[in-house]
Structure formats: C-alpha cells, structure tokens
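Below: the structure, in structure tokens.
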Amino acid sequence: MKIDISYGSGGKQTSSLINDIFLKNFDNEVLNKLEDAAVLDVKNRIAYTTDSFVVTPMFFKGGNIGKLAICGTVNDLSMMGARPRYLTAGFIIEAGADSEMIDQIAHTMRVTAEEAGVKIVAGDTKVIEGNGNVYINTSGVGEILKEGISIQNCHPGDMILLSGNLGEHHAAIMSERMGIENNIASDCAPLFSIVSDLLENDIEIRCMRDVTRGGLATVLNEVSESSKCRVEIEEEALPVSDEVKGFCNILGLDPLYMANEGKMIAVIPGEQSQKAVEVMRKNKYGSHATIIGKITEGNGVNMTTALGGNRMIDILYGEGLPRIC
Amino acid sequence: MVEIITQCSHNDFEQFIFDLKHAECEGCEIISIDITDITEEITEIFSDFKIIESTATEAVSIIPPDLATCDKCLEELYSKDNRRYQNPFISCMSCGPRYTIMGVLPYDRDNTTMEDFPMCKECNAEYISPESRRFHAQTISCYDCGPYLILKEYNRDENDLLDSSRCSNKKIRNHPVKLNKLYKKIPMDRYNQHQAHIYKNRKRFKRAVDIINSGGIIAVKGIGGYHFVCSPFMEETVQNLRKLKGREEKPFAVMFGSVDSIREYCEVSSQEKMLLETKARPIVLLYSKNEKMAHSTYKGSIYCGAFLPYTPLQTMLLKECGPLIMTSGNISDQPIIREDSIMLALDNPLLNGVLYNKRRIIRSVDDSVAKIIDDKAQLIRRSRGYVPYPVFLPESNKNLKIFAAGGDLKAAFCLFNRGSAVVSQYFGDLEESSILEEYKKSVDDLAGLLKITPDLAVCDLHPNYFSTRFAESLNKPVIYVQHHHAHIASVMAEHNLKEKVIGIAFDGTGYGTDGNIWGSEFMICQGADFERKAHLKYIPMLGGDQSMKDAKKTATCFLAGSGLEQYIKDDRSAIIKAALKNQVNTVLTSSMGRLFDAVSSILGILDENHYEGECAAYLEKEALLAEKGKAVPEKMSFDIVRNDDMIEIDPAPVLEALCRRQEGRGDEPVTSIRQSLALGFHYALAEVIVGVCQILREEHNLNSVAFSGGVFQNSVLTNRLIKLLRENGFMVYYNIAVPPNDGSISLGQTYVGIMKSDEN
Ligand SMILES: [Fe+3]
Ligand SMILES: [Mg+2]
Ligand SMILES: [Zn+2]
Ligand SMILES: [Zn+2]
C-alpha cells in the first residue's frame with residue numbers, strides 16, 4: 001500500500017500508520033501509554049544526543065535506514081561511556097512510500113534496538129510531498145557508566161585501537177547506487193557491547209569515537225585537535241578487506257576518508273593496549289580489531305606509508321580532486 | 001654588488017667599461033652595470049686598486065650558486081708536485097660549493113661551514129694575497145686544514161658483492177685490487193701528520209674505488225647532499241640500488257668522465273656539449289644510442305641523464321671506475337640526505353659504504369636536469385648550480401615583497417624583492433611530510449638570507465594543496481592563482497611579455513576556476529588577467545591521485561567518454577562505467593597528460609605510471625623512434641568544436657583512428673604500426689594546437705604564443721609545434737630559465753602577484 005499525503009492529516013489514516021506499523025513493531029510499556037511525553041527512570045548522569053538519517057538507497061546489503069538510525073545514536077551514546085537506554089524516533093515520510101517498506105524499516109529498528117538494549121519510547125510521523133523517501137531522526141539518552149571519557153583526554157604514549165575493517169559501509173552504499181553486484185556489506189552495527197566488554201575488563205579508556213562520515217582521517221584529526229597532540233598511524237596496520245581494497249582502487253577512493261557505521265576507535269594507555277585489543281577481538285563486532293598507531297607530542301595526523309614515507313593526513317576538502325600534475 | 005671608483009680620462013673610462021663587459025670572468029657574472037658620476041662627492045684621490053671588506057648591505061643580495069671544479073684546479077689536482085695533488089677538496093675563487101655551505105650573507109669564510117676548518121699558514125697566505133687564485137676563496141683548504149675523506153665501510157660478506165668477472169665492462173673487470181697497496185707497506189709513524197692525512201685520504205679513496213669496482217654501492221657526500229654511487233654496467237648491482245632506494249623506477253643519472261666518454265653511449269650535439277660543460281653541471285637528457293649499460297640503469301628509456309663531474313672527488317672516482325650511476329641519496333619520495341648522521345644511520349644491508357667528510361652541508365640541493373630544445377638549453381629541474389640565482393622581473397610599483405608557494409609536486413617556492421625573483425631549489429612532492437618540513441624550513445632560511453619579509457603570499461587555487469595551506473598559514477594577504485594561468489605567466493615573466501598572448505598550458509591536472517580538473521588550456525593572457533578560450537573536451541574520469549596514475553583506467557574513461565565503448569579492453573569496465581554513469585567519485589577533466597596516458601595504454605605501450613609522466617615518456621619514445629626511422633606518421637586529426645564562447649578539442653576521432661588502425665593491422669608488425677601511430681598522434685596534436693591558435697589569432701588579433709606545462713617536456717611534440725607555429729608566422733615563447741613543468745609555477749604566481757598589486 002502506498003502512503004499518500006492524507007496519512008499526514010492527523011486523522012484516522014495517521015493513527016492507522018502509527019498503530020499498524022510503529023506501535024506494532026516498537027511495542028513497549030512506556031511507548032504504549034501514548035502520553036504526550038515518555039517518563040523515564042534513569043539512575044546515573046545521562047548522555048543525550050540526536051542524529052538524522054538520510055540515505056540513498058534506503059535498503060542495502062547489511063542493513064537499511066532503520067538500522068542506521070538506531071546504531072548511529074546508540075553508538076554516539078556508547079562512545080561517551082554511556083549505556084544506551086531510551087530512544088525517540090521521528091519519521092518524515094514522502095508521499096509514494098510503500099507502507100510495507102516502512103514496516104520493514106520499523107521491524108529492523110526493533111530488532112536492532114533490542115540487540116543494543118534500548119527502548120524506543122516516543123515518536124513522531126510527518127508525511128510530505130515527494131518521491132517515496134523516508135527520513136528518520138533519532139535522539140537518545142544513556143546512563144554514564146564511566147566518567148571522564150573524552151576526546152580531549154589523549155596523552156602521548158597512548159595507543160589507538162581500531163575495532164575492524166575500514167570503508168565497508170561506504171563501499172556497500174556506493175555499490176548499491178551503481179547497481180554493482182559484489183559481496184561488500186555495510187558494517188552497520190551497535191557498538192555498546194564492545195564498550196561494556198572494555199569496561200568490564202577494567203580497561204582505562206581515554207577516548208572513543210565511532211568512525212562515520214569523513215572516515216578515520218576526520219576522527220583522528222578531531223583527536224589531534226581536541227587533545228592537542230600528534231597522532232601517528234601506520235598505513236600497513238590499517239585493516240581493509242581485500243574486496244573493499246579492490247573496489248577502492250578501481251574507483252579511486254581512499255578508505256581513510258570513507259564512512260563506516262559499525263567501527264570505532266579507542267585510545268588506550270600504552271600498557272593496557274594489548275589487553276584491550278584482545279578484549280575487542282572476542283566481541284563479534286571487533287574480530288579484526290588492531291592497534292593502528294599512537295599518540296605523541298606535537299600536532300597533526302601523520303601516516304607512515306607502506307613505502308616508509310610520511311604523509312600528513314588532513315580532513316578532506318574536496319572529494320576526489322587529484323593533486324598530481 | 002661590487003662598487004668600483006674610477007678616476008681617469010673619459011677614454012680610459014670607456015675602455016675600462018668595454019673591457020669589463022667583455023671580460024671572461026670566472027666565478028662571477030655581470031648582471032648589470034650602473035654608472036653614476038660622483039665627481040662632486042669625492043675629493044680624495046685614490047692611487048691603487050684595493051679590495052675592501054664586504055659589509056652587509058640593504059641592496060638586493062645575490063647569493064652565488066655552487067660551481068663545478070675549474071680547469072686550473074683540475075690541473076693542480078693531477079700535478080704531482082702541487083701541495084693539493086689528489087686532494088678531493090681542491091677549489092678556488094672560481095669554483096667550489098657556495099649556496100649549500102653558506103650560513104648567512106655576505107659570503108665569507110666565517111659565514112660558511114668552512115669555519116670548522118681553520119686555515120693553515122700556507123692557505124691563509126694564499127687567501128690574503130690578491131695575486132693568488134685563492135684570494136678570498138672561502139672554500140680554500142688543503143691536507144693540513146681539512147676536510148678529509150672518511151670511509152665508513154660496512155663489513156658485509158664479500159661474497160655478497162658481485163664477482164667482478166661477471167661484469168661485462170672490460171675496464172672495470174681488469175681493475176680491482178691492483179691500485180690500493182701502494183702505501184700500505186710504509187709504516188705510519190715515520191711520517192708527520194701532513195703525510196698521514198695524505199695517506200689516509202688515499203687509502204680511503206682507493207678502498208671506495210675497490211668497493212664500487214667489485215659491484216658494491218656506496219653513498220658519496222657531494223655538494224647538495226649524498227649520492228648513491230655504483231657501476232651502471234652490473235645488472236644485479238643496479239637492481240640492488242633500486243631496492244635500496246625503495247623500488248624506484250625512474251632511469252638513473254649516469255656521470256661520465258668526459259664528453260668523449262658520453263659519446264660512446266649517447267648522441268651529443270655541440271649545444272649539448274656546451275650544456276654539459278656549463279659550470280652548473282646539470283644532468284643533460286641525451287638520446288641514448290645503444291644499450292651497453294645494464295637494463296636496470298635506464299629501464300628502456302631512450303634518454304640517458306648524463307652529466308660531468310663537478311667535485312674533485314667525483315673527477316677522481318670516474319678516473320678510477322669509468323662511468324658511474326650518481327643518483328641522489330634518498331629513499332623513495334623522501335628528501336636527499338645531507339647529514340652524515342642520517343646517512344650513517346641508514347645502515348641498509350644493500351649499502352656497502354659511506355664516503356664522506358666533515359664539511360657540513362647546510363641546504364639539500366638536488367642535481368639540476370636540463371636538455372636542449374629548439375637549439376637552446378631548457379631546465380627540467382632547476383636546482384644545484386642555478387639556485388639561488390635570481391630571475392629578473394619588472395619591479396613592482398609598490399616595493400612589494402612577495403612569497404609565492406609554487407605547486408605541490410616538483411615544489412619550489414619563489415621570493416621576490418625589487419625586480420629579483422629567487423626561485424628556490426626543487427623539493428619534490430609535498431605530500432611527503434619530510435619534504436614539506438624541508439620546504440617550510442627553507443622558506444624561513446632563504447627569506448632570512450635574502451632579508452625578505454613577504455608582504456603578500458601567492459599560491460595555487462587547489463584547496464587540497466599542501467603549499468596552499470602553508471601560504472594561508474602565513475597570515476598575510478593571499479592571492480590565489482589558477483594553476484595553468486601560473487604556467488603561462490611564468491613564460492610571460494621570463495620573456496617580459498607585455499602584449500596580449502595566446503597562452504597554452506598542457507599538463508597533468510590543475511584545479512580550475514569552475515571546480516573541474518583542468519589540464520589543456522588555451523588562455524588569452526595579459527598582465528594579471530586571463531580568459532580561458534579553449535580546452536580539451538571535458539571527460540568524466542574517476543577521481544583520486546591513484547586513478548590519475550592508472551593509464552588503463554584512464555583509457556577506459558576516455559573511450560567511454562568518446563562513445564568508443566567497443567574498444568574498451570579493461571576487465572574493470574563494468575564497474576568503471578557504472579561509476580561514471582552514477583557519478584560516483586568522478587571528476588570532469590580536460591587533462592592533456594591523461595590523454596597521453598590513455599593513448600599509451602591503448603597502443604599497448606604502458607598501462608601504469610610508476611612515476612610522473614612515465615607513460616607519456618614511453619609514448620614519446622615510440623614517436624621518436626618513428627621519427628628517427630623516418631616512418632610515415634599515421635594520418636589522424638582532432639575535431640575542433642565551438643561551444644558558445646569556448647572552443648573544445650574533441651579527441652574522439654584520434655582515439656578511434658588509433659583503436660581501429662591497431663586492431664585492423666593484419667600482418668604488419670606491431671612495433672612499426674605502433675610507432676607510426678604514436679608519431680601520428682603527436683603530429684595531430686601539434687596540428688590542432690596550431691589550428692586553435694589560428695582561430696584565436698583571427699578573432700582577437702594576436703600573434704604571440706606562450707606555452708608551458710609538463711606535457712611540453714615531450715620533445716617530439718614541442719619541436720613539431722615550434723616548427724608549425726613559426727611556419728604560420730607566430731612568435732613563439734616558452735620556458736628556458738625555469739622548467740616547463742610545475743617548477744615554473746612559483747615564478748608565474750610571483751608575476752601575477754606583481755601585476756595584481758600594481759593594478760590596485
Ligand atoms: Fe602543472
Ligand atoms: Mg552520529
Ligand atoms: Zn678552481
Ligand atoms: Zn691549508
């Protein structure tokens with residue numbers, strides 16, 4: 001069934017959309033009360049964040065926009081050392097969208113939320129003119145488990161861990177857009193379990209960041225700038241699957257700048273870094289975890305290349321612009 | 001600057017000026033003679049000609065470049081009774097290092113790294129005697145003052161070195177061992193220190209010679225840094241050298257003892273001979289007429305980078321070893337090593353020794369590279385021997401001091417003050433952090449030497465250039481100059497072109513004012529302004545530096561963009577076409593360099609650039625062989641398409657001709673058809689350039705053509721183009737003093753900076 005503009009009227013069709021899709025899928029005691037606002041029990045200090053999700057195509061190998069919407073917010077909370085607890089979800093639906101597709105998105109959100117241990121406790125739906133696209137905003141609160149995890153916190157001597165292969169989400173989305181058949185799937189995943197594994201094993205965490213838009217290069221530049229330190233990584237240590245590597249080679253893409261949706265870096269004091277890698281590797285979302293570099297005195301992000309050269313890694317100013325003459 | 005006061009008759013004065021202008025004066029160069037009448041100011045009568053201490057002045061400083069050993073010093077080097085007999089540091093007022101050993105101006109001994117070697121009595125006597133060839137020769141030295149040769153030998157298993165009997169060169173095969181036992185039997189304590197120094201120097205030198213002659217590789221400290229040195233005849237040794245340098249693919253430069261020695265391997269014209277023998281001693285690209293050297297030395301290139309020795313040590317080594325590979329002592333894309341500690345720390349198992357001395361090098365300066373085009377010398381890399389000699393430009397109205405950042409590849413910056421533009425040494429690709437560091441330090445260094453505090457920074461328009469970011473970080477007003485405009489402006493600067501010109505800039509890639517990737521631009525230029533009038537038709541290509549090196553992918557993009565999909569031979573074509581169709585990481589480009597890459601791949605010559613311009617160089621090789629063999633160039637031509645006010649050159653008919661002809665060649669041998677196709681492509685390109693110039697001439701009433709850009713390093717294209725343009729009555733200008741490649745960018749930027757500020 002196609003959604004048309006009447007589903008946004010606030011009347012009967014709107015409530016059928018809410019009941020038949022969102023309440024059915026998200027189903028939990030807080031949401032089901034349908035109050036004007038959700039009333040929540042939270043013990044510790046909270047972390048609170050929001051993010052909006054726009055992706056073409058909405059379905060791709062390894063997930064869909066719904067999974068992204070849950071993981072994105074859950075991961076942002078997790079990176080602050082918080083246990084994600086509650087999410088809100090706002091939908092902007094363009095006329096022409098298929099209700100079964102929305103149902104499928106909502107179902108994925110439910111499954112992902114369960115895995116991540118969060119509840120969707122409030123929501124909103126609007127229908128606008130358009131071509132059948134769906135946009136989702138999620139915001140979320142989490143309970144702080146560990147205070148003081150901050151991007152300003154990195155010190156010389158710390159090691160930088162990356163939880164797995166680079167570039168997979170970006171490559172999967174591009175493959176879909178181009179209609180190319182391959183085995184590259186988005187790495188979209190909730191990362192709280194890695195964080196809780198690290199905390200349970202008494203790993204001291206200086207800082208964590210999920211590697212999303214702008215890629216690893218952007219995250220590392222944020223670390224360097226916020227902590228006023230130098231970041232040194234090794235090109236040969238960067239994990240990239242052979243298939244993604246080949247894909248990037250053909251398209252002229254650099255995995256350093258490509259988005260992931262289920263990868264994080266953790267900055268860990270040198271003496272605990274080896275143990276932290278082992279903990280990460282035991283988690284199903286961290287099986288390719290590895291140390292990619294270290295924090296030193298200075299500024300900027302430097303990469304030692306496979307040939308033994310050194311290159312400053314800046315954030316990207318214009319995609320794909322060749323520099324060579 | 002030298003001030004001479006004359007007190008004489010008018011006739012004598014005229015004669016003096018005439019003699020001055022025509023004097024053969026070694027170690028100096030007369031840029032201009034200013035005559036001022038000071039009769040009123042000076043009452044004192046002078047009776048003798050005295051040279052007085054130099055003082056630091058406000059005037060524009062000219063820093064001397066490094067000079068090759070002069071003939072007189074060479075004579076002394078081999079005179080048995082001379083006290084500097086076989087002293088590898090012999091030099092005089094007319095020769096020796098300058099820029100590379102100088103701390104600050106003025107150029108006096110105390111301001112150079114020679115300050116570490118106090119002069120002995122005899123040297124000092126020469127230094128203060130106006131009759132001596134070494135009067136005020138700051139680099140004066142001898143066996144008593146030093147510096148001395150030091151050899152750090154790595155005790156590698158001697159079996160690792162090549163068995164010299166395997167060497168094909170007879171001269172070398174017969175050499176080893178016999179020369180180094182001369183002094184050994186003499187007990188050292190019977191000699192005073194002087195003789196001990198002579199003994200040690202010679203012993204170390206002979207040992208180095210032995211290592212080279214038995215197939216080893218040594219690092220030898222030179223003027224602007226270290227060289228890696230080995231025999232060009234031993235395949236395994238040269239392969240080891242490539243491994244030592246980090247899998248480098250470029251042909252190696254070879255140093256020869258004399259022009260006659262070069263002639264055994266290369267064609268040398270009279271202009272080329274003169275260029276080889278200039279005091280700057282550049283590496284000269286010569287047509288190599290045989291493959292007598294190991295294949296790995298040139299890697300199949302038709303050009304041999306040949307040069308003559310410019311230090312006494314090199315002269316001595318060549319005498320003992322014959323021709324030698326002398327390649328800059330650096331690892332892959334890193335800066336040339338100048339510090340002993342760094343070279344000694346390298347300790348790579350492929351390196352058998354380090355032959356050095358304790359004269360510090362202050363600045364790393366690579367060897368310069370030049371060639372003859374149109375009977376004139378043209379620089380390809382402007383560094384040792386030329387830097388920091390200025391290029392003279394018109395003065396700015398505002399007494400403005402300018403820093404121009406240059407480009408990112410083949411980086412060189414420029415500092416401008418009062419009509420003198422000093423283009424720095426060549427740095428390489430700024431993407432490498434250590435190169436970028438060296439570049440930044442050198443900006444401070446040279447600005448300090450020249451006493452220039454820039455008021456204005458000029459840089460490229462490319463948002464991702466490291467040089468652009470650096471210019472922006474200086475907190476000065478910044479002027480952005482489009483890359484290809486800078487190329488053309490560099491020619492206008494060199495030739496002081498005031499009239500409107502048709503500028504042609506062909507190169508790899510540059511960032512355009514429309515956000516696309518430009519690379520074959522026709523612009524009408526005057527002063528600070530340009531108007532883009534024509535370019536190669538935009539082709540959608542995949543982005544990123546890596547893509548630009550992949551000639552096969554480039555060919556696929558060109559064929560797809562020209563409606564010639566049936567000729568695509570690339571197993572990645574499905575994904576490439578999908579990316580182009582969906583505009584995933586694509587750029588629009590008018591790059592001429594990429595067209596050369598595409599043609600190289602289509603003709604089956606080379607599919608990948610391991611270094612800048614490699615595919616184009618091997619395509620040029622095929623065309624040159626065709627020319628030399630008097631082959632008939634295949635006929636083909638580009639389309640000229642009018643698009644509103646823009647002229648577009650469409651390569652589709654040329655690409656189709658290449659593909660179709662090659663596939664339908666029947667029984668013809670591949671090589672001959674390939675050569676005539678390559679030549680046909682070069683000629684067709686020259687013709688279409690002239691065609692576009694004719695249109696612009698008619699529409700805008702212009703007659704001067706200024707061309708620049710890396711593509712014009714191609715001699716087949718450039719010779720043909722110059723010929724056709726002249727036949728059609730055009731005035732032709734191109735780079736001479738700075739390279740046509742991105743080595744010219746900073747000069748062009750400076751010129752636009754001057755013109756822009758004078759406009760306001
Ligand atoms: Fe260029
Ligand atoms: Mg986010
Ligand atoms: Zn001399
Ligand atoms: Zn002396």
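Scope of the values below: all heavy atoms of this structure, side chains included, with no hydrogens, waters or symmetry mates. Here the structure is a predicted model, which is why all the values come from computation and not from measurement. Below, read A as the first sequence line, B as the second, and so on, with proteins coming before strands; counting in each chain starts at 1.
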Checklist entry - Relative to chain A, which segment of B:K553 carries a heavy atom at a distance below 4.5 Å: side chain, backbone, both, or neither? => result side chain
Checklist entry - Any side-chain donor paired with an acceptor under 3.5 Å for A:N302 and B:S433? => result yes
Next on the checklist: Are there over 12 heavy-atom neighbours, none belonging to B:E249, within less than 6.0 Å of that residue's CD?
Outcome noted: yes
Item to check | Neighbour count >12 (heavy atoms, 6.0 Å) for atom CD, A:E225 | outcome: no
Item to check | Whether over 12 other heavy atoms sit under 6.0 Å from B:E565 CD | outcome: yes
Checklist outcome for this item: Contacts of A:S186 meeting side-chain hydrogen bond (donor to acceptor under 3.5 Å, both in side chains) (sequence neighbours excluded), chain-then-number -> A:H169
Item to check | Rounded distance (nearest 0.5 Å) linking atom CD1 of A:I180 with atom CD1 of B:I576 | outcome: 10.0 Å
Checklist entry - Closest approach of B:A578 and A:M178, non-hydrogen atoms and distance? => result CB-O, 3.6 Å
Checklist entry - How far apart are the C-alpha atoms of B:F466 and A:D314, what are their side-chain angles, what is the distance that settles it, and do they pass the side chain to side chain contact (heavy atoms under 4.5 Å, CB included) test? => result CA-CA 10 Å; B:F466 292 91; A:D314 215 324; 5.7 Å; no
Next on the checklist: Can you confirm whether more than 12 heavy atoms, excluding those of A:N182, are under 6.0 Å from its CG atom?
Outcome noted: yes
Next on the checklist: Taking side chain as everything from C-beta outward and backbone as N, CA, C, O, which of these in B:E432 sits under 4.5 Å from a heavy atom of chain A? Side chain, backbone, both or neither.
Outcome noted: both
Checklist entry - Non-hydrogen atoms of chain B under 4.5 Å away: do they reach the side chain of A:I315, the backbone, both or neither? => result backbone
Checklist entry - Taking all atoms of both residues into account, what is the closest heavy-atom pair of A:L251 and B:N585, and its distance? => result O-ND2, 2.7 Å
Item to check | Shortest non-hydrogen separation from A:G252 to B:S547 and the atoms involved | outcome: CA-OG, 3.2 Å
Next on the checklist: With a 4.5 angstrom heavy-atom cut-off, is it the side chain or the backbone of A:L307 that approaches chain B, or both, or neither?
Outcome noted: both
Item to check | Residue pairs, two or more places apart or on separate chains, that pass salt bridge (Lys or Arg N to Asp or Glu O under 4.0 Å) and touch residues 236-246 of chain A | outcome: none
Item to check | Interatomic spacing from CD1 in B:I575 to CE in A:M174 - rounded to 0.5 Å | outcome: 10.5 Å
Checklist entry - Between atom CG of A:N249 and atom CG of B:L542, what is the distance when rounded to the nearest 0.5 Å? => result 11.5 Å
Item to check | A:K294 atom NZ, over 12 foreign heavy atoms within 6.0 Å | outcome: no
Item to check | Option that, when pairs with chain A are counted at under 4.5 Å, heavy atom only, ranks first among B:K581, B:Q546, B:R469 | outcome: B:R469
